[in-house]
Amino acid sequence: MRYLLAAVALLAVALGAAGFVYGEADDSPGLQFLSALLVIGAVAIGVRVVRRTR
């Protein structure tokens with residue numbers, strides 16, 4: 001189960017980074033904000049998974 005959550009978190013970081021880059025090219029602050037929230041949430045999930053496995 002923890003590997004699945006880690007994989008989902010990595011996918012969310014990748015999608016968030018891609019959205020942030022696309023938002024920068026399209027000059028869309030809303031897309032950049034949502035992408036940043038996605039990345040921050042995914043990092044929080046990743047930290048939570050790591051802390052629970054110890």
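None of these values were measured; they are calculated from a predicted model.
- Within the 4.5 Å cutoff, the side chain of L34 has no heavy atoms near those of the L38 side chain.
- Atoms OG and OH, on S28 and Y22 in that order, are 8.5 Å from each other to the nearest 0.5 Å.
- When hydrophobic clusters are built by joining Ile, Leu, Val, Met, Phe, Trp and Tyr residues whose side-chain heavy atoms come closer than 4.5 Å, directly or via intermediates, V39 is grouped together with V47.
- Here the closest heavy-atom approach between residue L5 and residue I45 is recorded as O-CG2, 4.5 Å.
- Between A42 and V13, the shortest heavy-atom distance links the atoms CB-CG2, 3.6 Å.
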